[in-house]
Amino acid sequence: MTTIDLGLPQLGGLDGVPTAEDTQTAKDFASDQEVRWCPGCGDYAVLAAVRQFLPTLGIKRENTVFVSGIGCSSRFPYYLNTYGMHSIHGRAPAIATGLAVTRPDLSVWVVTGDGDALSIGGNHLIHALRRNVNLKILLFNNRIYGLTKGQYSPTSEVGKVTKSTPLGSVDHPFNPVSLALGAEATFVGRALDSDRAGLTAVLGAAAAHRGTALVEIFQDCPIFNDGAFDVLRKGDEAAERLIHLTHGEPIRFGPAAEDGPGAYAVVQEGFGLRVAKTDEVDPSQVVVHDAGDHELAFALSRLSDQDLTHTVIGIFRDVARTTYDDATRAQVDHERKTRTPNLQGLLNGRDTWTVAG
Amino acid sequence: MTSSDTAVDQPTEQVIKKDRVVIRFAGDSGDGMQLTGDRFTSATAAFGNDLSTLPNFPAEIRAPAGTLPGVSSFQLHFANYDILTPGDRPDVLVAMNPAALKANVADLPAGGVLVVNTDEFTKRNLTKVGYAADPLQDDTLTEQYQVHPVAMATLTRGALAGTGLSKKDAERSKNMFALGLLSWMYHRPHEGTERFLREKFARRPDIAEANILAFRAGHAYGETTEAFAVTYEVAPARLDVGTYRQITGNTALSYGIIAAGQLSGLPVFLGSYPITPASDILHELSKHKAFGVTTFQAEDEISGVGSALGAAFGGALGVTTTSGPGVALKSETIGLAVTLELPLLIIDVQRGGPSTGLPTKTEQADLLQAMFGRNGEAPVPIIAPRSPADCFDAALEAVRIAVTYRTPVMLLSDGSLANGSEPWKVPSVDTLTSIDPGFATEPNAPDGTDEFWPYLRDSDTLARPWAVPGTKGLEHRIGGLEKADGRGSISYDPDNHDRMVRLRAAKIDGIRVPDVTVDDPSGDAELLVVGWGSTFGPIGAGARRVRALGREVATAHLRHLNPLPANLGDVLARYRTVVVPEMNLGQLSMLLRARYLVDAKSYTKVSGLPFKAEELQDLFLRLLDGVQP
Ligand code: SF4
């Protein structure tokens with residue numbers, strides 16, 4: 001049998017989701033549940049940003065679904081007045097896949113954490129990314145296990161002293177962006193919990209992307225991993241570390257240079273990238289960001305160090321590839337159009353015999 | 001006994017009428033014995049006999065050729081009356097090589113017919129399976145059996161001499177030669193097999209023709225060789241009036257799921273990870289997208305059930321198919337489905353365990369896993385089909401319960417049902433009852449506000465509303481944490497948890513299932529045999545034999561294992577002796593003893609093969625005579 005050319009048109013992430021009749025506000029998206037994260041938890045900032053952001057999509061609230069796993073961040077769906085499921089540890093991408101495949105009229109979001117997505121649920125995460133199901137995955141990375149009270153996570157640094165690693169962790173951490181790109185993700189972005197504008201921009205692009213979008217959100221856990229990302233928050237120090245990506249723009253960062261933004265630039269070196277002083281390199285050497293370039297995206301992900309010396313944020317990759325759910329539905333639709341379902345015919349099959357009275 | 005006309009150029013052919021025959025085809029895994037058996041079965045079904053089959057094959061795709069572990073066999077029982085099992089022992093054994101002979105000949109009763117492919121009886125092949133001498137050369141076999149040595153490979157090669165096929169390719173068709181010979185011996189119709197071969201090898205017409213030639217050559221060989229003086233006739237069975245087809249358990253389950261989708265108007269979503277012996281359901285369903293069936297080959301068992309549960313949340317008929325090891329992996333998600341109270345169908349085609357166990361062999365040892373294999377109090381309804389064709393009705397029934405009561409339902413099939421086949425009286429689709437999903441459409445708060453309470457229960461069924469995303473005004477959040485009775489918000493309240501645990505249990509206990517019927521022809525039996533699942537056939541056949549001897553035995557078969565039928569306690573109490581034969585170490589008998597304080601005796605076997613009617617007959621007679629099993 002030859003495969004059928006499904007002739008799928010290029011769609012946006014929200015195509016097929018009904019639009020809201022009335023203007024909705026952040027308040028409409030807040031549920032009546034009392035939010036129960038620890039005071040100062042980075043999750044509050046993300047929740048506030050998402051509540052602000054969702055109405056801007058202009059889709060019906062009842063057609064929005066949040067599915068989460070287990071962990072502090074996975075309580076997220078309870079705090080949004082949409083449809084939601086707080087499922088079991090690591091399995092949200094699998095559950096959301098079944099939902100997204102059967103319901104193209106829904107905007108499906110997964111909320112997960114570094115333990116949930118990268119440890120117990122690693123298999124589901126990579127396969128969702130590979131398949132490119134139309135899901136938006138928000139990965140809250142606080143580099144620690146919060147809900148179980150402070151064990152190291154698959155993104156904690158080597159040497160981390162926690163309750164389960166009194167002599168320091170010997171586990172090498174994942175770089176979630178590299179992992180996602182290696183898993184054939186079509187959209188990968190990263191943002192900081194406290195950077196409302198940056199986070200909202202990445203969320204908007206993720207929502208518009210048709211396919212699986214992974215957004216890593218650096219999130220502070222003041223109780224068990226306090227200040228893990230503080231160096232990315234404060235003034236000049238942050239500017240020296242944060243490398244913002246804009247598609248089509250030269251990648252420059254840091255304090256302003258004489259010719260404009262960014263005393264530092266990202267330049268190519270061998271198969272990888274390095275950071276250089278802008279005034280020490282020829283402008284033509286400065287890498288121009290291209291979210292369609294897989295190799296560049298991967299090289300940029302490797303530029304981010306675990307110790308945050310350099311931290312690339314923004315959209316690493318955003319490419320169009322037929323989504324699993326669109327292709328699956330197209331096959332079903334094709335069969336429905338070309339073959340008339342006849343249940344009696346199916347049950348009878350081709351070889352029946354009759355016993356007469 | 002009749003004699004046919006004697007033609008000048010044909011040897012005298014004697015036709016013996018028989019009521020029933022059991023044939024076993026046995027050969028190497030690569031010899032195509034399953035296909036041969038399947039074709040003989042189809043021809044037999046088309047002829048109108050009742051039948052029952054038992055395929056038996058190794059877990060390895062191609063175990064080393066010519067070895068004992070590589071032997072694959074297919075047993076078929078057919079008759080002119082309604083039969084219940086694939087038969088205890090073959091009347092005819094077709095052995096394609098020494099390994100097949102060695103592995104199967106002990107099952108052939110004295111006087112049985114043995115057809116042997118002599119071409120494989122080389123010194124090397126004989127040594128491989130431990131034959132010091134060629135058993136065809138001395139009289140060890142001829143003393144006990146009617147032995148027919150046939151050089152099948154040589155004869156097949158000869159028949160295909162003109163086709164230009166290589167020697168090796170030509171010999172591949174020797175299974176069709178064997179099929180042709182047996183088809184002649186039992187007067188099976190040809191047309192179906194020839195048509196089947198043309199279709200199967202549509203893209204290789206030369207191979208199709210070769211197989212047809214070999215099939216015809218086998219037939220002609222029987223007709224013209226004096227060695228075979230006898231043929232047998234088994235008249236069509238007198239079954240109920242209706243339209244019949246032959247069907248395997250896995251196909252019947254697939255069709256049941258499709259029918260349930262049509263009857264409920266729900267799109268079917270199957271999330272599944274390949275596993276023996278359940279994969280054929282995934283294969284079958286993936287062919288029927290036109291019925292609105294979506295199949296998702298998941299990355300693992302957990303994703304198989306997780307995706308099905310996600311689809312159910314969205315208002316689809318979520319189904320996952322697996323075997324015991326897969327159920328173990330799915331357990332946590334099934335527990336989630338229990339507390340989410342969403343419809344979900346979990347099909348466990350049981351195989352030998354524990355762990356990887358015996359992937360291609362049958363067993364019933366997942367009953368307690370289905371019953372209790374989850375953390376916390378997490379009851380699920382359990383349904384078990386009793387025969388291959390019954391899988392269709394069982395699937396419909398399981399979906400009906402899942403949808404009506406908003407609960408995951410476990411359907412326990414097994415390897416022998418999955419691959420075994422029998423005639424199925426095809427139902428007329430307009431006689432099938434529809435299934436009402438009854439989606440929630442509006443707020444339901446008892447206080448008259450416009451709130452939606454996802455855990456406000458139906459007073460009759462205790463089922464909660466099924467409100468799917470996209471329904472305005474019913475936005476709600478559900479999850480694995482304990483929920484407040486009614487409102488469904490998170491609740492850690494001790495009394496609420498106690499109430500919710502009891503409510504979930506009461507909902508399952510309250511599922512209405514039909515009373516169990518007792519087969520006790522005289523009403524005087526003192527021995528009751530209770531079975532479940534695929535033991536239906538052997539228990540029924542054993543009971544028939546006992547009754548034929550003038551003794552009394554009653555049987556009762558349980559389709560619903562949770563909840564159990566309401567009248568079961570009374571039924572059990574009526575009999576002096578109750579015995580439960582099971583292909584495990586006594587799981588149902590343990591449940592019955594615990595539940596009803598009845599001295600249900602356990603009779604068990606875990607050989608990977610179904611009970612034989614004979615051993616159950618012996619068991620029943622011993623119990624009737626007061627001998628403990
Ligand atoms: S433990 Fe950490 S991550 Fe969890 S709620 Fe508290 S601050 Fe937030």
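In what follows, chains carry the letters A, B, and so on, assigned in the order in which the sequence lines appear, proteins first and then strands, with residues in each chain numbered from 1.
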Under the salt bridge (Lys or Arg N to Asp or Glu O under 4.0 Å) test against A:Asp351, which residue among B:Arg39, B:Arg245, B:Arg195 passes? B:Arg195
Contact origin within A:Leu106 toward chain B - heavy atom pairs under 4.5 Å: side chain
Measure across B:Pro443 and B:Glu451 and return the closest heavy-atom pair with its distance rounded to 0.1 Å. CB-O, 3.2 Å
Taking side chain as everything from C-beta outward and backbone as N, CA, C, O, which of these in B:Ala312 sits under 4.5 Å from a heavy atom of chain A? Side chain, backbone, both or neither. neither
Identify which part of A:Gln33 has an atom lying under 4.5 Å from any heavy atom of chain B, answering side chain, backbone, both or neither. side chain
Atom of A:Cys72, atom of A:Gly146 and distance for their closest heavy-atom approach: SG-C, 3.9 Å
Can you tell which part of B:Thr251 gets under 4.5 Å to a heavy atom of chain A, answering side chain, backbone, both or neither? neither
Quick test of your reading of the model: are A:Arg131 and A:Glu184 salt-bridged, counting only N-O distances below 4.0 Å? no
Between A:Asn342 and chain B, which part of the residue has a heavy atom less than 4.5 Å away: side chain, backbone, both or neither? backbone
Just give me the residue among B:Leu239, B:Ile490, B:Leu309 that pairs up with chain A most often, heavy atom to heavy atom, under 4.5 Å. B:Ile490
May I ask you to decide if the ring planes of A:Tyr79 and A:Trp37 are parallel, tilted or perpendicular, using 30° and 60° as cut-offs? perpendicular
Applying side chain to side chain donor-acceptor pair (under 3.5 Å) to B:Thr248 and B:Asn250, what does each step give before you reach the verdict? CA-CA 6 Å; B:Thr248 65; B:Asn250 273 349; over 6 Å; no
Heavy-atom pair count under 4.5 Å with chain A, highest-scoring of B:Trp424, B:Phe296, B:Phe269, B:Phe47: B:Phe296
Can you find a heavy atom in the side chain of A:Val110 that is under 4.5 Å from one in the side chain of A:Lys136? no
Heavy-atom pairs under 4.5 Å with chain B - which of A:Ile126, A:Thr352, A:Leu346, A:Thr354 has more of them than the others? A:Leu346
Does the pair A:Arg210 and A:Asp326 meet the rule for a salt bridge (charged side-chain N to carboxylate O under 4.0 Å, His left out), with working shown? CA-CA 9 Å; A:Arg210 195 160 190 91; A:Asp326 282 329; 2.6 Å; yes
Give a yes or no on whether a salt bridge exists between B:Glu341 and B:Lys483, defined as a side-chain N under 4.0 angstrom from a carboxylate O. no
Min side-chain heavy-atom separation A:Ser68-A:Tyr78 under 4.5 Å: no
Correct closest heavy-atom pair for B:Gly488 and B:Tyr455 would be CA-CD1, 3.7 Å
Check A:Val65 against B:Pro469 and note the closest heavy-atom contact, atom names and distance. CG2-CB, 3.7 Å
With chain A as the partner, which of B:Ser303, B:Ala316, B:Pro423 has the greatest number of non-hydrogen pairs under 4.5 Å? B:Ser303
When heavy-atom pairs shorter than 4.5 Å are enumerated against chain B, which of A:Val108, A:Leu80, A:Asp32, A:Val17 gives the highest number? A:Leu80
Side-chain ion pair, A:Asp325 and A:Arg103, N-O less than 4.0 Å: no
Please list, in residue-number order, every residue in residues 117-125 of chain A that has a heavy atom less than 4.5 Å from any heavy atom of chain B; write 'none' if there are none. A:Asn123, A:His124
The interface call for A:Val332 against chain B, heavy-atom contacts under 4.5 Å, is both
Part of B:Pro267 within contact of chain A (heavy atom distance under 4.5 Å): neither
Quick one: are the ring centres of A:Tyr83 and A:Phe66 less than 6.0 Å apart? no
Just do the side-chain contact (heavy atoms from CB on, under 4.5 Å) check on B:Glu301 and B:Thr333 with the steps written out, would you? CA-CA 10 Å; B:Glu301 294 280 0; B:Thr333 311; over 6 Å; no
Which residues from residues 84-102 of chain A are near chain B, with near meaning under 4.5 Å between non-hydrogen atoms? A:Gly84, A:Met85, A:His86, A:Ser87, A:Ile88, A:His89, A:Arg91, A:Ala94, A:Ile95, A:Thr97, A:Gly98, A:Leu99, A:Val101, A:Thr102
A:Asn81 vs B:Arg477 side-chain heavy atoms within contact, under 4.5 Å: yes
Sort out for me which of A:Leu343, A:Asn63, A:Thr338 touches chain B most, counting heavy-atom pairs under 4.5 Å. A:Leu343
Shortest non-hydrogen contact from B:Tyr273 toward B:Ala298: CD1-O, 3.2 Å
So what's closer than 4.5 Å to chain B heavy atoms on A:Arg329: side chain, backbone, both or neither? neither
Which heavy atom of A:Arg61 sits nearest a heavy atom of A:Phe29, and at what distance? CG-CE2, 3.6 Å
Measuring heavy-atom distances to chain A, does B:Ile478 have an atom under 4.5 Å in its side chain, in its backbone, in both, or in neither? both
Which answer fits A:Ile70, side chain, backbone, both or neither, if we ask what part of it has an atom under 4.5 Å from a heavy atom of chain B? neither
If contact means a heavy atom pair closer than 4.5 Å, which residues of residues 285-295 of chain B contact chain A? B:Lys287, B:His288, B:Lys289, B:Ala290, B:Phe291, B:Gly292, B:Val293, B:Thr294, B:Thr295
Chi angles and distances behind the salt bridge (charged side-chain N to carboxylate O under 4.0 Å, His left out) call for A:Arg36, A:Asp43: CA-CA 10 Å; A:Arg36 294 197 200 162; A:Asp43 291 353; over 6 Å; no
Using non-hydrogen atoms and a 4.5 Å limit, figure out which bit of B:Val241 sits close to chain A: side chain, backbone, both or neither. both
A:Ile137 vs A:Thr212 side-chain heavy atoms within contact, under 4.5 Å: yes
B:Leu340 versus chain A, the contacting section by heavy-atom distance below 4.5 Å: side chain
Got B:Pro343 and B:Trp466 here, is their nearest side-chain heavy-atom distance under 4.5 Å? yes
Scored by heavy-atom pairs under 4.5 Å with chain A, the best of B:His476, B:Lys472, B:Glu299 is B:Glu299
Would you please name every residue forming a salt bridge (Lys or Arg N to Asp or Glu O under 4.0 Å) with B:Glu332, sequence neighbours left out? none
